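Note that the coordinates shown come from a computational prediction; the quantities given were computed from them, not determined experimentally. Both counts, for ligands and for their atoms, begin at 1 and track the order of listing. In what follows, residues are counted from 1 in the order of the sequence shown.
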Amino acid sequence: MPRILGIETSCDETAAAVVADGTTILSNIIASQAASHAQYGGVFPEVASRMHIEVIYPVVQQALLDAHLGIGDIDAVAVTRGPGLPGSLVVGMNVAKGLAFGRNLPLIGVNHLEGHVYSLWLAEGAPAVQFPALILIVSGGHTELVLMTDHGQYQRLGGTLDDAAGEAFDKVGRLLGLPYPGGPSVENAAQPGDPAAFKFPRAWLEGTWDFSFSGLKTAVLYEVKQQHPGRPMQGEAPLDVAEVPNLAASFQAAIVDVLVGKTVAAAQQFKVAEIFVAGGVSANKTLKAEFERRAGVPVRVPPLILCTDNAAMIAAAGNFRYLAGQRDALDMDVIPNWRLA
Ligand code: KG4
Ligand code: ZN
C-alpha cells in the first residue's frame, strides 16, 4: 500500500497531500491565494510564484502532520510537472526534488490534467470506474474533453480554442462588476435571474469536439455596452444592477448548454458507460443539474474539495504512475504547456 506525498503548485493554490493506495486521503492541505489575486481580477503569475515560496514548506509539513507520518514513511514524491504557470510549477518541482534527493525517494512528475482525472478515484465509496470513460475537465485554465480507455491511456477529443470555461466565468464576472473568482459569483448572481432573458450565442463548432467561449464573452460585453453606451467597462460596476441576474443567468445557460451538449453527444458517439466532470467549474450547480437531466448515463462529479486544484489528485495519479514503474530523474524540468494526449 504505497503512501505518496503529492505536491501541487501549478496555478494559485499551494497544496500538499498524502494518499495511500491511490484512493485513501490521509491529508489534503490547500493554501489558496485567491484573495491575494482578487485585486488584479485574475491570477498574477509573479505574485503566485512568490506566494508559493512563502508557504510551500509549512504546507508540506502540515500534510505530513495531518497524516501522522514522517517523511520516512513516504514511498514516493509526486509533483505537478505541467501544464501551469512556469514560475509556479518550478517552486513545487524544486521542493519535490529536494525531498526526493535528501531522502532518496522516487520522484514522479505528474500531468496536472491526469491529476484532475484521478480525483475520481478519491471520492469515498465511489464505484469502480468503467472504461472507456469520458472526462470533461473544466477549470480556470482548461477545457478538455478526453476519452480514457484505460489507466494512463487517453485520447484527447477536443478542447477550447480560446478561453477556458472557468476563464470565461471569471471574465464575465468582471464585466458584470462581480467579485473574483467569477465562477461562484456569476452562479450566485444568476440565481434570481432569467436564463432566457438574453439570447447569447452558442459556438457548436460542428464536426469537432472543440469549444470556443470568446464569442459568448464578447456578446455579454456588447450587451453591457449597449445598456450604457460610452461607460468605461473594466473593473467598474458597469451597468444597471437590476440586469446583472438576467445577464449572469443567460451567460451561464449558454456556456452550460454547450459544455453539456457536446459532452453528451461524445458520450453517445463513443458509447461510454459514464461521464466524469472534473475541475473547478464542475462545482457549478446548473452544470451538474443539466448533465443529470440530459446525459442518459450516470454522471460523476467529485466533491468540491477535489474538483478545484489540490495535491491529493496529484498523489492519486502519482500512485498509478509509481505502480507502473515511472521514476523521474532529478534533472526533470517543468512542462508549462504539457498536454494530456
Ligand atoms: O480547477 P480550478 O480550481 O483551477 C484551475 O486549474 O484553473 O478552477 C478554478 C476555476 C475558476 O475559473 C473559477 O471561476 C471556476 O473554476 N469556478 C466556477 C465555480 N467555482 C469555481 N465556475 C462556475 N461555477 C462555479 N460554481
Ligand atoms: Zn486544475
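- Less than 4.0 angstrom separates some heavy atom of Gly141 from each of these atoms of ligand 1: 7 (O).
- Listed by chain and number, the residues in a salt bridge (Lys or Arg N to Asp or Glu O under 4.0 Å) with Lys97 amount to none (sequence neighbours excluded).
- Counting the atoms of ligand 1 from 1 in the order shown, those under 4.0 Å from a heavy atom of Glu187 are 24 (N), 25 (C), 26 (N).
- Protein atoms that are N, O or S and lie under 2.8 Å from the Zn ion (ligand 2) are these: His112 NE2, His116 NE2, Asp309 OD1.
- Taking distance alone, with nitrogen or oxygen atoms compared against 3.5 Å, Pro181 stays at or beyond that limit from ligand 1.
- By the 4.0 Å N-to-carboxylate-O rule, Arg294 lies close enough to Asp257 to be salt-bridged with it.
- The heavy-atom pair separating Lys288 from Ala283 by the smallest distance is CE-O, 3.9 Å.
- Atom 22 (N) of ligand 1 has its closest protein heavy atom at Gly183 CA, 3.3 Å.
- Residue Val129 is not grouped with residue Leu122 when hydrophobic side chains (ILVMFWY) are merged at heavy-atom distances under 4.5 angstrom, including chains of intermediate members.
- Comment: Glu54 does not engage Arg50 in a salt bridge, judged by the lack of any side-chain N to carboxylate O separation of less than 4.0 angstrom.
- Ring-centre distance between Phe251 and Phe198: not below the 6.0 Å cut-off.
- A heavy-atom distance below 4.5 Å is not found between the side chains of Ile137 and Ser282.
- Between the side chains of Ser27 and Asp66, no donor-acceptor pair is found at a separation under 3.5 Å.
- Near His116, with a cut-off below 4.0 Å to any heavy atom, the atoms of ligand 1 are 1 (O).
- Comment: Glu144 does not engage Arg339 in a salt bridge, judged by the lack of any side-chain N to carboxylate O separation of less than 4.0 angstrom.
- Between Gly279 and ligand 1, not a single N/O pair is under 3.5 Å apart.
- The protein atom (non-hydrogen) at minimum distance from atom 24 (N) of ligand 1 is Asn284 ND2, 3.0 Å.
- For atom 15 (C) of ligand 1, the closest heavy atom belonging to the protein is Val281 CG2, 3.9 Å.
- Side chain of Asn284 to main chain of Val281: no donor-acceptor pair is present (N/O by atom type, distance under 3.5 Å, no hydrogens or angles).
- Taking a cut-off of under 4.0 Å to the non-hydrogen atoms of Asp170, the atoms of ligand 1 that pass are 11 (C), 12 (O), 13 (C), 14 (O).
- Two residues are said to be in side-chain contact when any heavy atoms from C-beta on lie closer than 4.5 Å; Asp194 and Ser250 fail this criterion.
- The nearest protein atom to atom 9 (C) of ligand 1, hydrogens excluded, is given as Gly140 N, 3.7 Å; this is a heavy-atom distance.
- For ligand 1 and Gly280, the ligand atoms under 4.0 Å from any heavy atom of the residue are 1 (O), 2 (P), 8 (O), 16 (O), 17 (N), 18 (C), 19 (C), 20 (N), 21 (C).
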Decide side-chain contact (heavy atoms from CB on, under 4.5 Å) for Leu178 and Val172; before the verdict, give the C-alpha distance in whole Å, the side-chain angles of both, and the deciding distance to 0.1 Å. CA-CA 9 Å; Leu178 300 169; Val172 166; over 6 Å; no

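- Residue contacts with ligand 1: Cys11 is excluded, as none of its non-hydrogen atoms falls under 4.0 Å.
- Below 3.5 Å of separation, one finds no N or O of Phe169 facing any N or O of ligand 1.
- Within the 4.0 Å heavy-atom criterion, neither part of Lys285 lies near ligand 1.
- In this structure, the side chain of Thr9 engages the main chain of Gly92 through a donor-acceptor pair within 3.5 Å.
- Note: His52 and Tyr57 fail the aromatic proximity criterion, with ring centroids not under 6.0 Å apart.
- Any N or O atom pair closer than 3.5 Å counts here, and Asp309 shares at least one such pair with ligand 1.
- If you number the atoms of ligand 1 from 1 as listed, the ones under 4.0 Å from a heavy atom of Thr308 come out as 1 (O), 3 (O).
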